[in-house]
Amino acid sequence: MSQTNAYATHGAKDALVPFTYPLRAVGPSDVRIRVAFCGICHSDIHQARNEWGGAKYPMVPGHEIAGVVSEVGKDVKRYKVGARVGVGCFVDSCRRCENCTDGFEQFCDSGCTQTYNGVHRADKSPTYGGYSSEMVVDEHYVLRIDDALPLDAAAPLLCAGITTYSPLKHWQCGPKKRVAVVGLGGLGHVGVKIAAAMGAEVTVISHSDKKRADAARLGAKHFINTQEKDALTNAKKRFDIILNTVSEGTDWNALLGSLRRDGAMVMVGLPSTPVPVHAGSLISQRRRLTGSNIGGIAETQEMLDFCAQHGITCDIETIEPKQINDAFERVVRSDVRYRFVINAQQLAPA
Ligand code: NAP
Ligand code: ZN
Ligand code: ZN
């Protein structure tokens, strides 16, 4: 059985260290993938540090995976050896429930199988993510990456891309719509590019002035620094959609106040503390507070193709695997422009 070289954490307060595990055998509908790049999503940090509870150790994080197919099972139809592919936040689901058959595998009634920090449906063995040299994944949960997209800058689309594309599409982002993206991080910067490509007028809401110039470069027309006095009061009733990507607490009621009638604030950021919202913030202007969780397989493919068509990739800083722990610290400090991507080619298959 071949081994996989990876980086894992063994506890909530532990650093990630080199780790080796046996690669799952390639079944009839599986593809074997040589991982080329894997993004560092803030969710990797929340889970590695057990900030959401339920962490299983050892944990090999990583769900923004781009690589190349190196072997295919006998029944595989969609991919050939050499295909450029991606894997996102889940690698299986029940495939029978209403959500799965409707293309919302992320909401599978029995829970989709997370790419890491989950268990395989067949044998209950742990799932390990993309901070690895190789992976074996059922072809139905693998995405095609167009030749127009470089694998390194496309990798974060597998989570950050779909997490922003799906709610923007659902809430009808498009021309004449005013969209605010709160938090210009990994998710936020892709959200700005996608919303602008959909034709919306985009505003970035950030908690300092540091990213003002970047916001404009990424496609935002306006910028609000929440540290400035009355920043959000001045934006009252302005937005149709607020895409809230922050990983920490913020002034939820002031943000809701900046929605116009029937506007929606979509939570995609997942702070570990509850969100304190005053009912009056919703009642006034019939506002909606809602959420969104990644996206299904078909929509993820649609997003990748949309990005290829519009030339959308992520702004990345590529790191060596041994720099993962430093990168985690820098993400927490919002000190990344805008996604760390691990060069997994430096993790040789064992
Ligand atoms: P990230 O790169 O760390 O970006 C988060 C941004 O939030 C930062 O860049 C910063 O933007 C803002 N922020 C950070 N600390 C803040 C504070 N103390 N006060 C106010 N704003 C703060 O994280 P990410 O990878 O984009 O992920 C963002 C969140 O989405 C995480 O909670 C993650 O777990 C979650 N997530 C959810 C889904 C889903 O399907 N729903 C998928 C992926 C990730 P500014 O500097 O511009 O203020
Ligand atoms: Zn993620
Ligand atoms: Zn299901």
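Nothing here was measured: the structure is a model prediction, and the numbers come from that model. Counting starts at 1 for both ligands and their atoms, in listed order.
Taking 2.8 Å as the criterion, Cys97 counts as a coordinating residue of the Zn ion (ligand 3), since one of its N, O or S atoms falls below it. Among the atoms of Cys159, an N, O or S atom falls under 2.8 Å of the Zn ion (ligand 2). Among the atoms of His42, none of the N, O or S atoms falls under 2.8 Å from the Zn ion (ligand 2).
Side-chain polar atoms of Tyr141 and Glu105 form no donor-acceptor pair below 3.5 angstrom.
Vertex the Zn ion (ligand 3), arms ending at SG of Cys94 and SG of Cys108: the angle is 100° after rounding to 10 degrees. With the Zn ion (ligand 2) as the vertex, NE2 (His63) and SG (Cys41) define an angle of 120°, rounded to 10°.
Within 4.0 Å of ligand 1, heavy atoms belong to protein residues Cys41, His42, Ser43, His46, Trp52, Cys159, Thr163, Gly183, Leu184, Gly185, Gly186, Leu187, Ser206, His207, Lys211, Thr245, Val246, Ser247, Glu248, Gly249, Val268, Gly269, Leu270, Ser292, Asn293, Ile294, Val331, Ser334, Arg339.
Checked for salt-bridge contact, Arg24 and Asp123 miss the test: no charged N lies under 4.0 Å from a carboxylate O.
Going from atom CD1 of Ile65 over to atom SG of Cys89 covers 8.5 Å, rounded to the nearest 0.5 Å.
Using the six-membered ring where Trp is involved, Tyr128 and Tyr21 have ring planes that are tilted, between 30° and 60° apart.
At most 12 non-hydrogen atoms from other residues, nucleotides or ligands lie less than 6.0 angstrom from CZ of Arg96.
For the salt bridge (Lys or Arg N to Asp or Glu O under 4.0 Å) with Asp240, the qualifying choice from Arg287, Arg178, Arg260, Lys176 is Arg260, the only one to do so.
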request  = Evaluate the salt bridge (Lys or Arg N to Asp or Glu O under 4.0 Å) criterion for residues Lys210 and Asp335: first the C-alpha distance (whole Å), next the side-chain angles of each, then the deciding distance (0.1 Å), finally the verdict.
outcome  = CA-CA 10 Å; Lys210 292 182 203 151; Asp335 176 24; over 6 Å; no

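Tyr165 places a side-chain heavy atom less than 4.5 Å from the side chain of Glu302.
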